[in-house]
Amino acid sequence: MSHQPLPADLAELTALRFFAALIVLVYHYAQAWVPGLADASGIVSKGYLGVDFFFVLSGFILTHVYLPAHRAGTFHVLDFIWARFARVYPLHLVTMIFAILLLTIAFRLGQFAQDPVYLRVILANAALVHAWGVTDHFSLNEPSWSISAEWAAYLLFPIFLTATRVGDKRPLAFLAGAVGVLFAAWQGAELMFAKPLTQLAFDGGALRILPCFLVGCALYTVARQVALPRETAQIGLVLAALAVLVLMQVLAFDLLIILAIAAMIFFASQCARAGAGSQPNGLAARPLVYLGEISFAIYMVHRLVEHALKEVVSPLMGFNPDGSILMMTAAFVLTLILSALLYHLVERPARTLMRRAPPSQWMHRANPHGL
């Protein structure tokens, strides 16, 4: 196998993020406004697996970015944690505050029997531990449970990197072992929680992410050592994407769909390698990449838009939104607009500002002579 490096910019994978966020959005919006849509489409009813796409992709991308530094001995754990904190927390904080205000207004309007905002919930969300089994329900900005799960994976990432350096010597065996861990985790979830692994969220989302994250790490060790021709990579990507959609439509076993998602990530990375330096097209086209860039904001804001329309705007206007495709469409458009605004006004500037001063610089300033 070839050791040609993957390009730093994996635009195709960035674009795929949008489609993963979109399927989660449709899954939730269909539940809110057009429940029959999930009954008619397996793709919609399996939309929760978009979250598992992000979990696998997260392991893949972070390994891609940080494995070389780990090998070179220049990986700084605190700098990594700070970089991930800068990536997720500013938007999490803003959407959490908005959720507190929104849910408080909805409670005052009589939309909830009990106030959903109280100190324990706020503290758990603020500390990013609300997917670690410390709460018994979804709280505040509901999709943020997956950010709490990601935070658990970030804290454990140095261990994943060490395992990946060992597995990198035999990537196919490493990937097979990671898939085995994924299947074992499925059995463990059934025993511990009496529910499928892919249904864990606030109650065990921190456990749900770990095997998917490991699959992503292992998948990278294979992808970095393979160089497929461009046409082969493109055909593979199309077939993998079709496999994902078909398996979702026929309500196949969730883990089979996750494996098809992993194949899609692999072929997308190969497309990025084969197309490096050429004119961006297909998934690498700038509009799709931009939508991928704002996908985190789409994911984080879409349920807030839903709550605002269903529990505040509709009661004030005396309008019943149930069964309304129009409301679902309006929510989608509003979500895209708000996501773009949050990306440019909160997410990107806050991340840029915070990353200018990583912990290694703080410590150097405090002890410039290394004493």
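Worth knowing before you read on, the calculation uses all heavy atoms, side chains too, and leaves out hydrogens, waters and symmetry mates.
One hydrophobic cluster, built from ILVMFWY side chains closer than 4.5 Å, holds both Leu140 and Phe138. When hydrophobic clusters are built by joining Ile, Leu, Val, Met, Phe, Trp and Tyr residues whose side-chain heavy atoms come closer than 4.5 Å, directly or via intermediates, Val246 is not grouped with Ile265. Hydrophobic clustering (side-chain heavy atoms under 4.5 Å, transitive across Ile, Leu, Val, Met, Phe, Trp, Tyr) keeps Leu251 apart from Leu37. Both Leu155 and Leu67 belong to a common hydrophobic cluster when Ile, Leu, Val, Met, Phe, Trp and Tyr are linked at side-chain heavy-atom distances under 4.5 angstrom.
For the atom pair OG (Ser58) and CZ (Phe53), the distance works out to 11.0 Å, reported to the nearest 0.5 Å. Remark: Phe267 CZ to Leu283 CG distance equals 14.0 Å, nearest 0.5 Å. Taking CE from Met328 and NE2 from His28, the interatomic distance works out to 11.5 Å, rounded to the nearest 0.5 Å. Annotation: the span from Thr198 atom OG1 to Arg208 atom CZ amounts to 5.5 Å, rounded to 0.5 Å. Separating the CG atom in Leu309 from the CG atom in Leu334 is a distance of 6.0 Å, to the nearest 0.5 Å. Atoms OG1 and CG, on Thr164 and Leu219 in that order, are 11.0 Å from each other to the nearest 0.5 Å.
Between Asp39 and Ser45, every side-chain heavy-atom pair lies at or beyond the 4.5 Å cut-off. The shortest side-chain heavy-atom distance between Leu57 and Leu16 does not fall under the 4.5 Å cut-off. When side chains are defined from C-beta on, Arg84 counts as touching Leu62, because their heavy atoms get closer than 4.5 Å. Looking at heavy atoms from C-beta onward, Ile337 lies in side-chain contact with Leu341 at the 4.5 angstrom threshold. Residues Tyr29 and Val305 are in side-chain contact: their nearest non-hydrogen atoms beyond the backbone lie under 4.5 Å apart. Side-chain atoms of Tyr48 and Asp254, non-hydrogen and from C-beta on, do get closer than 4.5 Å to each other. Side-chain contact between Trp186 and Leu182 is absent, with no heavy-atom pair separated by less than 4.5 Å. In this structure, Thr162 and Ile159 have side chains that are not in contact, with every pair of non-hydrogen atoms separated by 4.5 Å or more.
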Determine, step by step, whether Asp168 and Arg224 satisfy the side chain to side chain contact (heavy atoms under 4.5 Å, CB included) criterion, reporting the C-alpha distance in whole Å, the side-chain angles of both residues, the deciding distance to 0.1 Å, and the verdict. CA-CA 10 Å; Asp168 193 37; Arg224 67 177 287 271; 3.0 Å; yes
Between Met300 and Asn141, is a side chain to side chain contact (heavy atoms under 4.5 Å, CB included) present by the stated rule, with each step listed? CA-CA 8 Å; Met300 290 292 284; Asn141 185 24; 3.8 Å; yes
Criterion side chain to side chain contact (heavy atoms under 4.5 Å, CB included) on Thr221 and Leu175, from CA distance to verdict: CA-CA 8 Å; Thr221 65; Leu175 180 58; 5.7 Å; no
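Remark: of the listed residues Ile122, Asn125, Ile147, Asn125 is the sole one forming a side chain to side chain contact (heavy atoms under 4.5 Å, CB included) with His130.
Contact between Phe202 and Thr135 at its shortest, heavy atoms only, is CD1-O, 3.6 Å. Nearest heavy atom pair, residue Ala30 against residue Val44, reads CB-CG1, 3.8 Å. For the pair Gly50 and Val24, the tightest heavy-atom approach, listed with the atom from each and the gap, is CA-CG2, 3.8 Å. Smallest separation of non-hydrogen atoms from Ser314 and Lys310: CB-O, 3.7 Å. Taking both residues in full, the closest heavy atoms of Phe253 and Phe183 are given as CE2-CE2, 3.9 Å, listed atom of the first, atom of the second, then distance. The two atoms that bring Pro315 and Gln111 nearest to each other are CG-NE2, 3.5 Å, heavy atoms only.
Around CZ of Arg170, the count of heavy atoms belonging to other residues, nucleotides or ligands within 6.0 Å does not exceed 12. Other residues, nucleotides and ligands contribute more than 12 heavy atoms inside 6.0 Å of the CZ atom of Arg71. Arg108 CZ: 12 or fewer foreign heavy atoms inside a 6.0 Å radius.
Two rings, from Tyr220 and Phe60, have their centers less than 6.0 Å apart. Ring centroid separation for the pair Phe55 and Phe213 does not come in under the 6.0 Å cut-off.
Between Tyr154 and Trp151, the ring planes lie perpendicular to each other; the angle is over 60°, past the 30° to 60° tilted range. Ring planes of Phe54 and Tyr299: tilted class, angle from 30 to 60°. Below 30°, between 30° and 60°, or above 60°: for Phe75 and Phe157 the angle between ring planes is above 60°, a perpendicular geometry.
With hydrogens and angles disregarded, a donor-acceptor distance shorter than 3.5 Å links the side chain of Ser146 to the backbone of Pro143. Under the 3.5 Å distance criterion, the side-chain polar atoms of Thr232 are left unmatched by any main-chain donor or acceptor of Leu228.
The pair Arg273-Glu12 does not meet the salt-bridge criterion, since no charged nitrogen lies less than 4.0 angstrom from a carboxylate oxygen. A salt bridge links Glu347 with Arg87; the closest basic N to acidic carboxylate O contact falls under 4.0 Å.
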